[in-house]
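Notes follow the structure.
All chains are named by letter (A, B, ...) in the order of the sequence lines, taking the proteins before the strands, and each is independently numbered beginning at 1. Hydrogens, waters and symmetry mates are skipped; everything else that's a heavy atom, side chains included, is used.
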Amino acid sequence: MIYLPEPQKEKLKKKLFSCFRNAEEGAHRIKGIIGDISNYFKGENVHFNYVLDLKSMTYFQKKVYRETMKISYGNTRCYNWLAEKVGISGGARAIGNALGKNPLPLLIPCHRVIRKNGMLGGFSSPGGIILKKKMLLMEGALAKV
DNA sequence: CATTTGACGAAGG
DNA sequence: CCTTCGTCAAATG
């Protein structure tokens with residue numbers, strides 16, 4: 001499970017520990033991921049290559065996530081592009097639904113999926129659309145101003 | 001099974 | 001800008 005940064009650190013901590021009572025002790029086992037994430041938010045071009053546990057997701061969602069993971073750092077694609085990729089051209093809205101349930105934001109870089117008209121679309125993690133924009137800016141994915 | 005609901009997109013005001 | 005309509009997987013009833 002991934003929680004992206006929230007304005008209030010304590011609130012986030014509380015949320016984490018309510019899910020994982022042994023979070024502190026187990027942390028060393030996921031040092032790699034923690035390091036990667038922290039480097040990412042320092043502005044580094046981090047690749048993220050981990051085997052993800054997606055067995056609780058539907059077949060369709062897994063297909064969407066697999067394609068989403070092919071969008072590399074600093075690039076963006078639109079919802080309909082993904083729709084084509086998973087074989088439902090015209091189903092952009094269904095893509096949005098699937099991405100809205102992304103259990104592993106950042107590792108599954110749904111923030112790189114934006115609207116065709118240049119709008120950013122949505123972002124369901126706590127940081128919301130503000131955070132999505134920040135991440136894209138950091139990646140240098142937003143061309144102008 | 002029938003409806004409703006969206007992180008969409010195109011077309012036409 | 002805005003509205004309407006087509007679209008499709010999931011959630012809901």
Working to the nearest 0.5 Å, report the span between [atom1] of [X] and [atom2] of [Y].
X	Y	atom1	atom2	value
L104(A)	L52(A)	CG	CG	5.5 Å
F60(A)	I88(A)	CZ	CD1	4.0 Å
C110(A)	I95(A)	SG	CD1	12.0 Å
T68(A)	H111(A)	OG1	NE2	11.0 Å
I33(A)	L107(A)	CD1	CG	6.0 Å

**OP:** Return yes if some donor-acceptor pair links the side-chain N/O of K132(A) with the main-chain N/O of L120(A) below 3.5 Å, else return no.
**Re:** yes
Between [N] atom [atom2] and [X] atom [atom1], what is the distance in whole Å?
X	N	atom1	atom2	result
N117(A)	dC2(C)	CG	P	13 Å
K116(A)	dG9(B)	NZ	P	7 Å
L120(A)	dG9(B)	CG	C1'	16 Å
L82(A)	dG9(B)	CG	P	10 Å

Original post:
Is it true that E67(A) and R77(A) have a side-chain N and a carboxylate O under 4.0 angstrom from each other?
Top reply: no
Subject >> Per-nucleotide protein contact string for nucleotides 5-13 of chain C, where B marks a base within reach and S marks sugar-phosphate only (heavy atoms under 4.0 Å, - for neither) >> reply: -BSBBSS--
Original post:
In which stems does DNA chain C show up, taking only runs of three or more Watson-Crick or G-U wobble pairs whose two distances fall under 3.5 Å?
Top reply: B:1-6 with C:8-13, B:8-13 with C:1-6
Original post:
For Y73(A) and E44(A), does a side-chain donor sit closer than 3.5 Å to a side-chain acceptor?
Top reply: no
**OP:** Mind checking C78(A) for me? I need base, sugar-phosphate or nothing, with any heavy atom below 4.0 Å counting as a touch.
**Re:** sugar-phosphate
